Amino acid sequence: MSVRYSIVIPAYNEELVIEESYKRLKSVMDTTNEEYELIFVNDGSRDKTGEMLSSLCDKDKNVKMIDFSRNFGHQTAITAGMDNSSGQAVVVIDADLQDPPEVILDMIKKWKEGYDVVYGKRAKRKGETFFKLFTAKVFYRFLKSMTSVDIPVDTGDFRLIDRKVCDELSALTEKNRYVRGLVSWVGFKQTDVTYIREERFAGETKYPLKKMIKFAMDGLTAFSYKPLKLSSLLGAVLSVSSIIWLIVSVLIKYVGNASVPGWACAISIPLFFNGLILMMLGIMGEYIGRIYDESKNRPLYIIREKKGFSDGENC
Ligand code: UDP
Ligand code: MG
């Protein structure tokens with residue numbers, strides 16, 4: 001049975017926020033007077049998130065849960081929620097209330113005006129560390145300069161997408177997903193609503209530096225070959241420079257009649273270039289690892305249990 005709106009909420013160890021998140025989402029969605037479903041994806045939480053979601057499903061028929069067999073990651077959780085949604089419009093929102101649920105109503109308004117994708121643009125981000133704000137700002141701009149796909153800066157995954165966009169996304173099988181980039185890639189009529197990103201309601205970020213780096217590499221490698229091209233360019237520039245330097249050294253020795261000093265250079269220059277070569281190999285490795293993931297063709301996620309979905313729905 002299809003509903004008007006599906007709200008997809010990924011949750012990983014969010015026992016401190018789940019209850020409040022449900023209440024806020026429910027009160028906002030009730031005001032639409034239209035049918036909706038809240039699809040919580042429990043991404044292998046090790047705290048009480050799963051149990052709490054399960055009892056919400058028992059209490060409220062609008063609540064559904066997808067329970068992963070382990071932690072598959074935020075982007076995969078979002079994908080599973082979308083794959084299992086039935087709404088004519090699908091909204092993705094974090095569980096921690098950093099994205100205010102009230103903004104969904106503005107998104108719905110734009111959708112009703114005829115837009116297929118309405119993404120939340122962060123005018124301000126409260127309560128986040130200087131490091132996070134700085135790296136996010138630099139990364140989004142860097143990514144934009146590296147890719148031909150127009151991925152809007154300062155946006156997260158908080159967005160509304162139309163059913164047809166959701167179906168196109170579900171048809172993409174790539175493994176290391178950078179969902180916000182894929183949404184731009186599929187196209188359709190897109191617009192934004194600006195909002196102030198709040199502080200986390202409770203608990204702490206589930207994105208430590210290691211996950212942030214993996215996420216950034218997924219975005220970069222999925223949408224740009226430029227790092228590979230830059231390697232060749234850098235290689236060419238360095239080769240030409242070394243030839244010029246060789247000629248200059250010979251001239252200094254035989255024309256200028258002076259010797260070129262340099263055992264320190266003889267050690268540090270090869271070290272520098274070996275470092276560069278290993279870095280380039282590392283960049284190639286990032287792409288090759290992702291090709292390997294694709295070739296293994298494992299499923300994107302494994303579901304332990306689905307709760308609240310009516311029989312046969314979206315399976
Ligand atoms: N999340 C998830 N799986 C993960 C990490 C995060 O489902 O492996 C969820 C998390 O519960 C939250 C959303 O993704 O609903 C965004 O995570 P978080 O708020 O920790 O990220 P931040 O806002 O700090 O970037
Ligand atoms: Mg957050």
Side-chain angles (χ1 to χ4, degrees), residues 6-25 38-53 56 63-85 90-101 103-104 119-140 143 153-159 175-180 195-219 300-304:
S6 299
I7 315 294
V8 171
I9 313 119
Y12 176 53
N13 293 341
E14 298 286 12
E15 62 182 5
L16 297 176
V17 305
I18 280 299
E19 198 65 45
E20 185 65 18
S21 182
Y22 160 71
K23 277 192 211 143
R24 284 267 298 276
L25 283 164
L38 303 178
I39 305 178
F40 287 90
V41 185
N42 180 27
D43 185 14
S45 300
R46 268 166 278 151
D47 63 0
K48 296 247 166 356
T49 304
E51 287 93 313
M52 292 169 89
L53 288 175
L56 284 177
V63 178
K64 299 172 182 182
M65 172 178 68
I66 296 169
D67 195 19
F68 275 177
S69 62
R70 64 168 171 84
N71 178 249
F72 280 92
H74 176 213
Q75 300 291 296
T76 310
I78 293 175
T79 306
M82 287 180 181
D83 292 348
N84 288 278
S85 66
V90 181
V91 177
V92 175
I93 186 167
D94 286 352
D96 60 1
L97 294 173
Q98 282 199 277
D99 308 323
V103 178
I104 295 175
Y119 53 86
K121 196 167 168 63
R122 300 153 174 180
K124 202 172 162 194
R125 298 171 68 149
K126 289 191 193 165
E128 284 183 302
T129 59
F130 171 77
F131 179 73
K132 177 119 187 176
L133 293 177
F134 179 74
T135 48
K137 216 174 175 84
V138 170
F139 171 68
Y140 289 133
L143 186 61
V153 295
D154 302 328
T155 62
D157 288 307
F158 181 31
R159 62 189 61 212
K175 304 287 184 283
N176 295 287
R177 295 170 90 86
Y178 185 71
V179 175
R180 59 196 74 167
Y195 74 103
I196 294 175
R197 189 156 154 95
E198 296 295 335
E199 272 181 56
R200 197 173 230 287
F201 176 73
E204 48 191 48
T205 176
K206 307 301 175 310
Y207 260 99
L209 186 62
K210 202 170 136 208
K211 276 192 185 174
M212 268 165 65
I213 293 173
K214 157 89 172 65
F215 182 60
M217 286 310 286
D218 281 343
L300 211 54
Y301 50 83
I302 297 172
I303 295 175
R304 186 191 352 235

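Whatever order the structure lists ligands and atoms in, that order sets their numbers, starting from 1. Just so it is clear, the structure is predicted and the values come from calculations on it, not from any experiment.
In terms of protein heavy-atom proximity, atom 14 (O) of ligand 1 is nearest to H74 CD2, 3.1 Å. With hydrogens left out, the protein atom closest to atom 24 (O) of ligand 1 is T205 OG1, 2.6 Å, a heavy atom. Among all protein heavy atoms, the one lying closest to atom 21 (O) of ligand 1 is Y207 CD1, 3.3 Å. In this structure, the protein non-hydrogen atom closest to atom 8 (O) of ligand 1 is K211 NZ, 2.8 Å. K206 N, 2.5 Å is the protein heavy atom nearest to atom 20 (O) of ligand 1. At the top of the distance list for atom 18 (P) of ligand 1, counting protein heavy atoms only, stands R200 NH2, 3.6 Å. Nearest to atom 9 (C) of ligand 1 among the protein's heavy atoms is P10 O, 3.8 Å. The protein heavy-atom contact nearest to atom 12 (C) of ligand 1 is E14 OE2, 3.5 Å.
Residue Q75 places no heavy atom under 4.0 Å from ligand 1.
Note on the Mg ion (ligand 2): protein N/O/S atoms under 2.8 Å are D96 OD2, Q98 OE1.
Interface atoms of ligand 1 facing K132, defined by a heavy-atom separation under 4.0 Å, are 22 (P), 24 (O), 25 (O).
For D218, the salt bridge (Lys or Arg N to Asp or Glu O under 4.0 Å) partners at least two apart in sequence or on another chain are K214, R290.
Of the heavy atoms in M212, none comes closer than 4.0 Å to ligand 1. Of all the heavy atoms of N71, the ones lying under 4.0 Å from any atom of ligand 1 belong exclusively to the side chain.
Residue contacts with ligand 1: G73 is placed with no nitrogen or oxygen under 3.5 Å of a nitrogen or oxygen of the ligand (distance criterion only).
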